[in-house]
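What follows is a short report on a single structure.
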Amino acid sequence: MIELIKYALLGILQGITEPIPVSSSGHLLILQTIIEKMHQSLPINFEILATITNFGSLIAIIILFWKEIVQLFSSFFTYFSKKEKRKSVKKDYYYCLKIILATIPAGILGLLVTKLNLLNMLEENVKFVGIMLLVTAIFLFLIKDFKGNKEKDDISFKDAGIIGICQMISIIPGISRSGATIVGGMFQNLKRETAFNFSFILYIPISIATSILGLKDLFELSISSSLWILYVIAAILAGIFTYIFTKWFARIVKDGKLIYFSIYCLILGLIVILFL
């Protein structure tokens, strides 16, 4: 029962922190450090758990944006297969191209990080995570009053490229992916809702790639059936809470209240730097 509670709480933590701009990877590393400092025995492979719970979050985001995903897919392939309908689907086709463009920087860096273990030293230094949380806090504060006027169809390839670079930077623990991409979009004068939607559609391809690679490695390991049950429970809870908190976060963005997350990241960052 205690093991079940541990995995359930970690799944819930992932579900809450994945969509909101507070860095889910940073929270996981902070939790690991706290456990180590308490000299507690917690026989959990956090890397495996992160892969599993991220998959749960991915499913939740796909469900939330299902209609838009289907429309974009349909438009993208219609553009190639039916010349007479190209004009009607052109805007969605170009939106897909912008998503692809914005995915490339994080995709390339992600492969390099995986192959070369570039983040190992950073992941072992929780104070660095604290500093990055302060960086996240600063940028969330800077865009607190931004409104923007660009709609979905006004996003340029330049905008998409800049947002993609922001997503690439968010590979660093403590830099929030959703925060970085929404900030990047709002700095490019996107409306709050437009930046939010682009950020979460952008999350899907990179998360699918990460999940495929992670799950492939996972199935090569020898994991007991009882442990699989705990992983599945964590993933389901991560999905449920990601769904709930993504919808909640959408309202926060619409109302322009990102300052709350700036304050949270500031407080947590200072606590990590001073006490961990």
Side-chain angles (χ1 to χ4, degrees), residues 1-36 38 40-70 73 103 106-107 110-111 113-114 117 119-120 123 129 167 170-171 173 176-178 199-250:
M1 180 58 71
I2 292 177
E3 288 300 304
L4 174 60
I5 293 171
K6 290 176 183 176
Y7 280 86
L9 289 175
L10 289 168
I12 292 169
L13 177 67
Q14 161 68 21
I16 292 173
T17 58
E18 180 60 51
I20 64 177
V22 298
S23 179
S24 59
S25 62
H27 276 72
L28 192 62
L29 290 169
I30 292 167
L31 179 61
Q32 283 180 268
T33 303
I34 292 172
I35 291 168
E36 289 168 3
M38 292 173 66
Q40 295 294 315
S41 174
L42 187 62
I44 292 177
N45 187 316
F46 281 91
E47 189 173 341
I48 292 176
L49 187 66
T51 298
I52 295 285
T53 53
N54 178 72
F55 181 72
S57 293
L58 169 63
I59 297 301
I61 299 300
I62 289 175
I63 291 171
L64 278 167
F65 290 88
W66 179 249
K67 287 184 179 179
E68 188 168 354
I69 293 167
V70 170
F73 258 94
T103 302
L111 287 173
V113 166
T114 302
N117 294 320
L119 292 180
N120 275 9
E123 290 177 347
V129 174
Q167 178 167 256
S170 72
I171 289 176
S176 162
R177 193 213 65 84
S178 63
S199 170
F200 280 87
I201 293 294
L202 183 58
Y203 166 81
I204 293 170
I206 200 73
S207 186
I208 287 174
T210 302
S211 294
I212 290 172
L213 292 173
L215 292 173
K216 175 181 173 292
D217 294 338
L218 181 59
F219 283 116
E220 293 174 355
L221 300 174
S222 177
I223 299 175
S224 67
S225 58
S226 60
L227 192 53
W228 266 114
I229 291 172
L230 294 175
Y231 282 144
V232 170
I233 289 171
I236 291 172
L237 286 170
I240 291 170
F241 278 84
T242 296
Y243 184 93
I244 294 169
F245 275 80
T246 302
K247 294 187 76 170
W248 174 71
F249 182 46

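In what follows, every heavy atom counts, from backbone to side chain, and hydrogens, waters and symmetry copies are set aside.
Residues Ser178 and Ser199 meet the side-chain proximity criterion, which asks for heavy atoms closer than 4.5 Å. Looking at heavy atoms from C-beta onward, Tyr203 lies out of side-chain contact with Phe65 at the 4.5 angstrom threshold. Counting only heavy atoms from C-beta outward, the side chains of Leu31 and Leu10 approach each other to under 4.5 Å. Pro21 has its side chain within reach of Phe249: a pair of non-hydrogen atoms, C-beta onward, lies under 4.5 Å apart. By the 4.5 Å heavy-atom criterion applied to side chains, Ile5 and Leu9 are counted as neighbours. Side-chain atoms of Ile69 and Phe73, non-hydrogen and from C-beta on, do get closer than 4.5 Å to each other.
Atom CG of Leu13 and atom CG of Leu237 lie 12.0 Å apart (nearest 0.5 Å). The distance from the CG atom of Asn54 to the CD1 atom of Ile61 is 10.0 Å, given to the nearest 0.5 Å. The line from CD1 of Ile34 to CG of Leu29 is 11.0 Å long, rounded to the nearest 0.5 Å. In this structure, Ser24 OG and Arg177 CZ are separated by 9.5 Å, a value rounded to the nearest 0.5 Å. Between the CD1 atom of Ile229 and the CG atom of Leu4 there is a distance of 10.0 Å, given to the nearest 0.5 Å.
Using the six-membered ring where Trp is involved, Tyr7 and Tyr231 have ring planes that are perpendicular, over 60° apart on the 30 and 60° scheme. Between Phe241 and Phe245, the ring planes are parallel. Angles under 30° get that label, and only those over 60° would be called perpendicular.
Closest heavy-atom contact between Ser57 and Ala238: OG-O, 4.0 Å. Ser176 and Ser23 make their closest contact through CB-N, 3.5 Å (heavy atoms, listed as atom of the first residue, atom of the second, distance). Shortest non-hydrogen contact noted between Gly26 and Val129 is CA-CG1, 3.8 Å. The two residues Pro19 and Thr246 come nearest to each other via the heavy atoms CB-OG1, 3.2 Å.
Of the possible polar contacts, one joining the Ser170 side chain to the Gln167 backbone as a donor-acceptor pair under 3.5 Å is found.
Of the candidates Ile212, Leu58, Ile62, Ile59, Leu58 is the only one forming a side chain to side chain contact (heavy atoms under 4.5 Å, CB included) with Ser207.
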